Amino acid sequence: MNILIGSARAEHLAALQAIELASFETLRSEGAVAGSPAAGSMEEFSKLLHEGLLLAAFIPGEIPVGFAGAFIVDNWLHIAEADVHPIWQRQGIGRQLMNALLSEGKRRGLTGASLTTDRYAPFNAPFYASLGFQIAEGKVIQPRLRELLTAEVASGLNPQRRVAMQLFY
């Protein structure tokens with residue numbers, strides 16, 4: 001199947017939210033999340049669209065099957081969310097999306113990229129490590145990443161599973 005990576009538009013936001021909800025079950029199966037399925041709000045998606053970078057993976061017919069979104073914070077590209085619909089996972093789409101985001105950050109002359117994720121799910125921290133990200137802990141963790149981790153734990157995520165990662169360009 002031919003996948004096209006391109007900028008998402010406002011008319012894609014509901015489909016991207018549905019992709020994130022569907023991906024919740026993949027995360028649940030790996031122990032990364034619990035509880036009722038949750039996704040970003042339409043306001044959060046809209047903010048990514050208008051104030052950040054929001055890319056989507058499209059199959060023919062301009063149908064989104066995955067997405068990745070990021071903000072620029074303190075000269076860093078911060079990956080806010082990346083998901084591929086479960087029926088399209090394990091086909092390299094997430095890697096294509098991430099490589100496109102990382103290339104854009106590098107093109108803009110940013111210091112690097114950062115994210116927070118699950119430490120153990122194979123499609124999370126190990127996947128990001130395969131792209132060049134390294135775990136940031138102790139003295140090397142940026143205060144903004146430490147604050148994000150604290151907020152994630154306060155929202156109910158398991159602190160033993162959460163990790164910040166960064167990649168320098």
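Nothing here was measured: the structure is a model prediction, and the numbers come from that model.
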Determine, stepwise, if the pair Phe71 / Trp76 fulfils ring pair (Phe, Tyr, Trp, His ring centres under 6.0 Å). CA-CA 8 Å; Phe71 291 104; Trp76 282 80; over 10 Å; no
Show your reasoning for whether ring pair (Phe, Tyr, Trp, His ring centres under 6.0 Å) applies to His12 and Phe45. CA-CA 10 Å; His12 300 132; Phe45 276 99; over 10 Å; no
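Looking at heavy atoms from C-beta onward, Pro159 lies out of side-chain contact with Glu152 at the 4.5 angstrom threshold. With a 4.5 Å cut-off on side-chain heavy atoms, Leu48 and Leu53 do not count as touching. Looking only at side-chain heavy atoms (C-beta outward), Thr116 and Arg162 come within less than 4.5 Å of each other. The shortest side-chain heavy-atom distance between Asn99 and Ile5 does not fall under the 4.5 Å cut-off. Between Thr117 and Phe127 the shortest side-chain heavy-atom distance does not fall below 4.5 Å. In this structure the side chain of Val65 never reaches within 4.5 angstrom of the side chain of Phe58, judged on heavy atoms. Under the 4.5 Å side-chain criterion, counting only non-hydrogen atoms from C-beta, Ile19 is in contact with Phe67. Residues Met42 and Leu13 have side chains in contact (heavy-atom distance under 4.5 Å, counting atoms from C-beta outward).
Atom CD of Gln96 is separated from atom CG of Leu4 by 9.5 Å, given to the nearest 0.5 angstrom. To the nearest 0.5 angstrom, Gln142 atom CD is 10.0 Å from Arg146 atom CZ. To the nearest 0.5 Å, atoms OG1 (Thr111) and NZ (Lys106) are separated by 13.0 Å. Within the model, atoms NE2 of His85 and CD1 of Ile59 stand 10.5 Å from one another, a figure rounded to the nearest 0.5 Å. Within the model, atoms CG of Leu101 and CG of Leu55 stand 4.5 Å from one another, a figure rounded to the nearest 0.5 Å. To the nearest 0.5 Å, atoms CD1 (Ile141) and CG (Leu145) are separated by 5.5 Å.
Of all heavy-atom pairs between Leu167 and Gly132, the closest is CD1-C, 3.7 Å. A pairwise comparison of heavy atoms in Ala8 and Leu49 identifies O-CD1, 3.1 Å as the closest pair. The two residues Val84 and Gly94 have their closest heavy-atom pair at CG2-N, 3.7 Å. Between Leu16 and Gly66, the shortest heavy-atom distance links the atoms CD2-O, 4.2 Å. What you find for Ala57 and Ile3 is that their closest heavy atoms are CB-CG2, 3.8 Å. Scanning both residues, Glu137 and Val140, for their nearest heavy atoms gives O-CG2, 3.1 Å.
No continuous path of ILVMFWY side-chain contacts below 4.5 Å connects Ile72 to Leu148, so the two sit in separate hydrophobic clusters. Neither Met165 nor Leu149 shares a network with the other; the hydrophobic side chains, linked directly or stepwise wherever heavy atoms of I, L, V, M, F, W or Y lie under 4.5 Å apart, form separate groups for each. Ile63 and Ile93 fall within a single hydrophobic cluster, where Ile, Leu, Val, Met, Phe, Trp and Tyr side chains are chained together by heavy-atom contacts under 4.5 Å.
Tyr128 places no side-chain N or O within donor-acceptor distance of the main-chain N or O of Ile135, the cut-off being under 3.5 Å.
Judged purely by distance below 3.5 Å, without hydrogens or angles, the side chains of Gln134 and Gln166 never pair a donor atom with an acceptor atom. Residues Ser114 and Arg144 have side chains that bring a donor and an acceptor to within less than 3.5 angstrom of each other.
Between Lys47 and Glu43, no side-chain nitrogen of the basic residue sits less than 4.0 Å from a carboxylate oxygen of the acidic one, so the salt-bridge criterion is not met. Salt-bridge formation is detected for the pair Arg9/Glu62: a Lys NZ or Arg NE/NH1/NH2 atom is positioned less than 4.0 Å from an Asp or Glu carboxylate oxygen.
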